[in-house]
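Since the structure comes first, as structure tokens, the remarks are kept for the end.
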Amino acid sequence: MSDPEMHPDDDPYVLQGPQPHPFWAESVAEKILDRVDDHPDRDPDDPIVIKGGISPSGVPHLGNMNEIVRGYFVAEALRERGRAVRQVFTADDRDPLRKLPRKLADLDGNVVDLGEVNAGALGRNLGKPYTAIPDPFGCCDSYGEHFSNLIERSAEVLGIPVEMVSNTELYESGEFDDATRYLLKNREQARDVLGEYQDKVDGDYVPFNPICEECGKITETVTGVDLDAGTVEYVCTDMEAGDQTIDGCGHEGTATFREGKLPWRFEWPAQWRVLGVDHEPFGKDHAEGSWPSGADIARNVFGDVPPVPMAYEWFTLDGQPFSSSSGHVIMVQDTLKLLEPEVLRYFFTKDPSKARDFSIEHLDQLVDEFDGFERAFFGEDDADETDADIAAAAYPPVIRPTVAARFDAEGAPISNPERASVSVTDADSRDRLDALAEDTFRERIRLPYTFAAVLGMTDDPALREEIARREGHVPDDAPEWVTEFALSRVSRAREWARRTGNEFDYDLKRTEMPDVDLDAETEVALDELADFIEAGHAPDEIQGEIYESAKRHDIDVGEFFSVGYRLFFDDDQGPKLGPFLAKLDREFVLARLRREG
RNA sequence: GGGCCGGUAGCUCAGUUAGGCAGAGCGUCUGACUCUUAAUCAGACGGUCGCGUGUUCAAAUCGCGCCCGGCCCGCCA
């Protein structure tokens with residue numbers, strides 16, 4: 001094994017060094033155009049193909065979404081330049097199940113322990129292709145289809161148009177036949193090239209793994225190749241999978257090219273060939289491993305030009321690596337309970353060559369940053385030039401699926417839209433929506449995230465709105481859709497505060513009175529306050545009376561407020577108390593101030 | 001052991017192309033507002049730009065050496 005020279009175009013760290021554009025996706029798009037327009041045998045009118053792909057092996061977490069969302073921004077930059085783009089995603093579902101995941105997720109994105117589904121049944125399927133394993137949830141045709149569906153839904157809720165391609169179907173329909181035949185015919189050459197990267201490749205190596213017709217597992221021992229018949233002979237031997245061995249059944253049989261799979265290092269370049277892939281982002285795990293060999297195989301075995309690569313760094317979740325097995329994961333569906341989809345899309349506009357933490361604890365920072373990004377696009381901030389340039393390029397693809405979801409074809413706002421994101425690819429709709437974003441959507445109001453969290457202290461929508469108005473976030477003349485849109489952040493921010501249990505996690509203690517320790521003076525002051533409220537006074541007057549009653553009894557004003565917050569929120573801070581108490585139902589307020597329950 | 005990517009304020013991150021005063025937001029602290037929803041406003045604190053070294057009038061930025069973290073270099077994907 002040596003260290004083969006890499007073709008200069010195949011360096012996967014494409015964002016290293018000088019870049020022509022401030023937004024990375026535009027720089028990558030430009031690279032793709034250079035390659036595509038240079039390509040001797042390709043029709044410039046053919047759509048550019050961007051691919052991503054993973055094995056549907058378990059919970060598809062936010063990190064996995066890089067495969068789709070990074071490609072989306074590149075696709076958008078190309079569409080912006082008038083090119084037609086197909087974004088495809090291969091579910092690499094003929095890969096064998098190698099070990100049992102500890103966590104799974106149902107189609108709605110609820111994570112469950114392996115023990116909650118039929119683990120025993122799953123264990124019998126080690127070594128079989130994901131599409132040959134029954135769905136543990138029983139809702140899809142196979143294990144592979146279940147998790148492919150989950151990935152597809154993740155893309156869908158982000159409004160990203162992806163064509164899902166099942167690898168198994170590519171094999172079964174014969175799409176891989178030619179590439180397989182070619183590799184088997186040229187297996188000397190295939191061995192030589194791959195042998196540069198892998199020690200294990202020896203004279204017996206055959207780049208094809210049949211599926212055993214007896215036990216259904218992927219096998220590795222090919223004993224003969226019959227190109228004319230289009231078959232291989234095999235023996236079903238044991239297979240090493242990490243530290244464990246998956247037993248073979250010893251069966252000797254014959255398989256067609258459709259009854260097996262190519263080893264990954266060949267399968268990837270074969271996918272590029274079959275699907276005509278022009279660009280593919282991939283995680284850093286591939287960057288030094290399968291990418292260099294794959295690019296080499298494409299060039300020097302298949303005689304193809306490999307796609308424009310892009311290695312991306314991995315995300316962490318609250319500072320720790322994502323781990324499907326331990327359950328340290330978050331899915332798109334989860335994050336959308338905490339943030340608007342455009343904020344999540346924005347997260348993926350950041351430089352892919354840097355590792356990034358998705359911090360739930362500091363989610364308010366991400367949202368604030370997004371709000372600033374949006375203001376920069378609309379020219380509402382004195383953003384610096386670079387930020388403005390990035391916003392100009394990145395904001396339209398970030399916001400378009402949101403605008404598409406919230407306005408109908410005539411540009412009229414849709415109240416409580418069913419979906420938060422709708423994907424759009426055709427040029428006319430894109431233009432219409434971008435114009436809509438520029439003139440109508442620019443009126444949107446974003447409540448500061450932490451303020452929205454505080455508004456979540458009450459479930460009463462009218463009260464939320466009133467407080468938002470009183471605090472000047474929503475002007476009197478705001479159109480109805482603007483108000484609704486502004487307040488739609490409250491439930492998400494509320495969920496964030498609740499989940500993190502942070503200082504914005506106010507919760508009106510309606511049913512049970514929190515423990516309070518009161519001295520006699522304070523009790524009298526509270527009684528007087530209750531009497532005052534009972535007599536019927538305006539919100540501002542109640543606020544004033546809180547001061548007055550505290551002063552009358554020589555109680556520190558700050559402490560008296562704290563007592564109030566303790567009584568109603570079991571917290572030492574909270575909303576502006578007077579107006580808030582004025583809005584709550586009188587009976588409850590009086591009873592609580594009088595410590596009656 | 002070898003290769004690659006990353007390391008900038010307490011936190012999240014810009015800035016590294018093309019060398020030119022060390023930056024933003026958040027947090028913290030102080031002050032103001034006849035003071036209590038995230039307040040707001042003003043100000044302050046906060047840095048060995050991972051470490052060292054070389055080049056340079058000038059280094060977060062370029063070279064070399066090293067440290068730390070991650071990934072790859074077996075299999076698999």
Side-chain angles (χ1 to χ4, degrees), chain A residues 1 3 11-13 15-20 22 27 53-57 92 94-99 127 130 167 197-201 209 218 220 239-246 261 263-265 267-268 282-293 311-314 316 319 321 350-359 361-366 368-369 371-372 383-384 386-387 390 447-458 464 467-468 470-473 493 497 502-504 506 543-544 546-547 557-558 560-562 564-565 569 572-580:
Chain A
M1 189 167 129
D3 203 9
D11 181 348
Y13 303 100
L15 298 174
Q16 215 88 91
Q19 298 296 320
S27 303
I54 56 172
S55 303
S57 58
D92 296 333
R94 188 154 262 195
D95 297 346
L97 176 68
R98 307 184 70 81
K99 61 175 184 188
Y130 291 115
N167 223 29
Y197 301 88
Q198 294 193 341
D199 288 329
K200 242 196 172 162
V201 177
N209 301 131
I218 306 260
E220 289 177 324
M239 190 168 72
E240 303 296 323
D243 47 2
Q244 53 178 331
T245 303
I246 297 172
K261 79 182 288 293
W264 167 246
R265 298 268 176 145
E267 187 176 69
W268 203 15
F282 45 83
K284 64 168 172 180
D285 52 334
H286 287 303
E288 305 300 324
S290 51
W291 166 257
S293 68
Y312 59 80
E313 280 282 331
W314 288 353
T316 50
K350 293 155 171 267
D351 185 355
S353 57
K354 301 225 169 165
R356 216 161 282 282
D357 189 41
F358 188 83
S359 169
E361 192 191 340
H362 299 121
L363 216 51
D364 54 323
Q365 294 189 15
L366 176 64
D368 286 349
E369 219 181 295
D371 290 350
D384 70 55
T386 309
D387 286 351
I390 292 176
L447 297 181
Y449 193 66
T450 48
F451 175 63
V454 172
L455 284 188
M457 68 195 159
T458 169
R464 287 176 178 180
I467 296 172
R470 189 180 67 222
E471 295 300 321
H473 289 292
N502 63 14
E503 71 264 40
F504 307 110
Y506 298 123
Q543 180 72 8
I546 298 174
Y547 287 97
V557 172
F560 193 55
F561 271 100
S562 290
Y565 294 127
F569 298 101
D572 49 21
Q573 49 179 326
K576 192 167 189 174
L577 207 48
F580 186 74

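Predicted model only: the values in this text are computed from it and were never measured. We name chains A, B, ... by the order of the sequence lines, and we start the count at 1 in each one.
Taking the C1' atom of each, B:G43 and B:G7 are spaced 32 Å apart, rounded to whole Å. Taking atom C1' in both B:G52 and B:G15, one finds a spacing of 24 Å when rounded to whole Å. Comparing the same atom, P, in B:A22 and in B:G27 gives a spacing of 27 Å after rounding to whole Å. For B:C45 and B:G2, the C1' atoms lie 46 Å apart once the distance is rounded to whole Å. Atom name P, nucleotides B:C26 and B:C21: the rounded distance is 25 Å, in whole Å. The separation of B:A60 from B:C41, taken at their P atoms, amounts to 33 Å, rounded to a whole angstrom. Comparing the C1' positions of B:U30 and B:G19 gives a spacing of 38 Å, expressed to the nearest Å. The gap from the P atom of B:C29 to that of B:G10 amounts to 16 Å, rounded to the nearest Å.
Checking B:C64 for Watson-Crick or G-U wobble geometry (two distances, each under 3.5 Å) identifies B:G52 as its partner. With a 3.5 Å ceiling on both atom-pair distances, the Watson-Crick or G-U wobble partner of B:G1 is B:C73. Look at B:U30: its Watson-Crick or wobble partner, with both distances under 3.5 angstrom, is B:A42.
Between A:Q16 and A:D11, the side chains place no donor N or O within less than 3.5 Å of an acceptor N or O (distance only, hydrogens not considered). With no hydrogens or angles considered, no side-chain donor-acceptor pair links A:D92 and A:S55 at under 3.5 Å.
Residue A:R265 places at least one side-chain N or O closer than 4.0 Å to OP1 or OP2 of B:C73. For B:A77, the OP1/OP2 oxygens have a side-chain nitrogen or oxygen of A:K261 closer than 4.0 Å.
Judged as a side-chain contact (heavy atoms from CB on, under 4.5 Å), and not counting sequence neighbours, the contacts of A:Q365 are A:H362. Applying the side-chain contact (heavy atoms from CB on, under 4.5 Å) test to A:A311 and every residue at least two apart in sequence or in another chain returns A:P12, A:Y13, A:F282, A:A287.
Residue order along RNA chain B, read from the 5' end via each residue's closest nucleotide, puts A:K284 first among A:S290 and A:K284.
Between the CD atom of A:Q16 and the P atom of B:U61 there is a distance of 16 Å, rounded to whole Å.
Considering only heavy atoms from C-beta on, A:K350 comes within 4.5 Å of A:L366 through its side chain.
Using the six-membered ring where Trp is involved, A:W268 and A:W291 have ring planes that are perpendicular, over 60° apart on the 30 and 60° scheme.
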Seminar exercise, completed: Going 5' to 3' through nucleotides 11-20 of chain B and flagging B where a protein heavy-atom sits under 4.0 Å of the base, S where only the sugar-phosphate is that close, and - otherwise, we get BBSS-BB---
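Atoms CG and CG, from A:D371 and A:L447 in turn, are 9.5 Å apart once rounded to the nearest 0.5 Å.
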